Structures are given as C-alpha cells and as structure tokens.
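The next block holds one structure in the form of structure tokens; read it before the comments.
Being a predicted model, the structure only gives us computed values, none of them experimental.
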Amino acid sequence: MRHSEKSVTSNDFLFRFDHLHINKAFICACGVSIEKGISDFNLEEAITRKQIINISQTVYVAAASSKFNKDVAIQVCPVHEVDMIITDYALSKDTINHFTDKGVQLKLVNTNKDTE
C-alpha cells in the first residue's frame, strides 16, 4: 500500500494475478494520449495496472481532463487496450474529437458535487 497516494501496488507475493478473474477493471492514469497511451509516474503501479488490464474482460480508465494529451514517465498500455476512458466535462471539444476520431470511447461525467 502506498499511503501517500492511497493506492495499492503489487509484487508477486501480494497477488497471484494468474488466479484472479476480473470482469470490470477501473484504473486511473497520470497521462492519457493517443501517441503514448495510458501512462503513470510509479513503476510498481504501472506494472500492476498492466497485469490487471491483461486479465480483465473490460477496462475503464478514470482520468481528469487535465491528464489528457500528456505523457508521463511509464507507459501502462496503448489506448486501444482500454474499453472506455471516463473523464470530466472540462475536456476540450478538440481533444474529444481527436480521441473519438481514433476510435477511443469517452464517457464525460459531471464531477461538480454542488450540482448533484
């Protein structure tokens, strides 16, 4: 457990990925781009995410609009390996078009708690 990030990373002694069956995986990303795909700063988290993506039937990526068109240190996977990217309504129309033109499915959600 990485307490500073409130995230779980894995080593083989923590999870046996070959024994897991995941229908829907939800992962986050520090960077999302057409060119480099989904990326992260932490090597252990990137490796864990890759393993989860490989065994999951459906993969969702949750990323704030501020993470789009950014590539950070470690590639997790290309965007075509995820089923949908969930983000907020602040994503620009140009970016939406750039991603959907490449076949990436986006789901825009309202993240403003004041309007719920």
Side-chain angles (χ1 to χ4, degrees):
M1 174 70 98
R2 289 184 62 222
H3 294 288
S4 63
E5 297 293 324
K6 307 244 185 309
S7 65
V8 176
T9 60
S10 172
N11 291 308
D12 288 338
F13 65 87
L14 190 59
F15 288 120
R16 296 277 316 265
F17 285 98
D18 56 334
H19 292 159
L20 294 176
H21 301 282
I22 300 174
N23 290 328
K24 296 178 183 178
F26 291 83
I27 65 169
C28 58
C30 293
V32 179
S33 75
I34 293 295
E35 297 75 19
K36 299 293 183 176
I38 309 303
S39 57
D40 201 308
F41 288 107
N42 182 280
L43 179 60
E44 288 178 328
E45 288 186 19
I47 290 169
T48 300
R49 289 181 182 135
K50 283 182 186 200
Q51 291 175 309
I52 289 172
I53 289 166
N54 287 337
I55 62 172
S56 298
Q57 291 180 1
T58 307
V59 178
Y60 300 92
V61 173
S65 58
S66 62
K67 308 295 183 182
F68 278 72
N69 300 315
K70 291 184 180 179
D71 299 317
V72 298
I74 303 155
Q75 184 190 43
V76 174
C77 70
V79 290
H80 71 268
E81 289 186 14
V82 302
D83 297 287
M84 181 182 292
I85 301 174
I86 303 165
T87 190
D88 57 85
Y89 282 113
L91 195 63
S92 74
K93 295 242 186 246
D94 287 342
T95 300
I96 292 170
N97 292 336
H98 181 65
F99 276 78
T100 57
D101 288 349
K102 299 293 184 185
V104 177
Q105 188 172 356
L106 298 174
K107 172 73 174 173
L108 279 62
V109 297
N110 186 355
T111 58
N112 186 348
K113 292 181 182 181
D114 294 336
T115 61
E116 292 180 358

Show me, pair by pair, the donor-acceptor contacts under 3.5 angstrom made by side chains of residues 67-77, not counting sequence neighbours?
{"residue": "N69", "atom": "ND2", "partner": "T95", "partner atom": "OG1", "Å": "3.1"}
{"residue": "K70", "atom": "NZ", "partner": "S66", "partner atom": "O", "Å": "3.0"}
{"residue": "D71", "atom": "OD1", "partner": "S33", "partner atom": "OG", "Å": "2.4"}
{"residue": "Q75", "atom": "NE2", "partner": "K36", "partner atom": "O", "Å": "2.7"}

What side-chain donor-acceptor pairs closer than 3.5 Å can you find for residues 22-30, not counting sequence neighbours?
none

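Legend: residues meeting side chain to side chain contact (heavy atoms under 4.5 Å, CB included) with K93, ordered by chain and number and at least two apart, are absent. For N54, there are no side-chain hydrogen bond (donor to acceptor under 3.5 Å, both in side chains) partners at least two apart in sequence or on another chain.
Inter-residue side-chain proximity for F99 and V32 is flagged as met; some heavy-atom pair is nearer than 4.5 Å.
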I86 vs V61, side-chain contact (heavy atoms from CB on, under 4.5 Å): CA-CA, chis, key distance, verdict
CA-CA 6 Å; I86 303 165; V61 173; over 6 Å; no
Residues H98, I34; criterion side-chain contact (heavy atoms from CB on, under 4.5 Å); working and verdict
CA-CA 8 Å; H98 181 65; I34 293 295; 3.4 Å; yes
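In the hydrophobic clustering of ILVMFWY residues, with side-chain heavy atoms under 4.5 Å counting as a link, V104 and L108 come out together. Both I96 and Y89 belong to a single network of hydrophobic side chains, linked directly or stepwise wherever heavy atoms of I, L, V, M, F, W or Y lie under 4.5 Å apart. Residue I53 is not grouped with residue I47 when hydrophobic side chains (ILVMFWY) are merged at heavy-atom distances under 4.5 angstrom, including chains of intermediate members. I52 and V79 are assigned to two separate hydrophobic clusters, defined by single-linkage of ILVMFWY side chains at heavy-atom distances under 4.5 Å. Hydrophobic clustering keeps I85 apart from V109 (ILVMFWY residues linked when any side-chain heavy atoms are closer than 4.5 Å, directly or through intermediates).
Sorted by first and then second residue, the pairs that involve residues 76-88 and meet side chain to side chain donor-acceptor pair (under 3.5 Å), not counting sequence neighbours, are S65-D88. Note on residues 33-53: no pairs pass ring-ring contact (aromatic ring centres under 6.0 Å, His included), not counting sequence neighbours.
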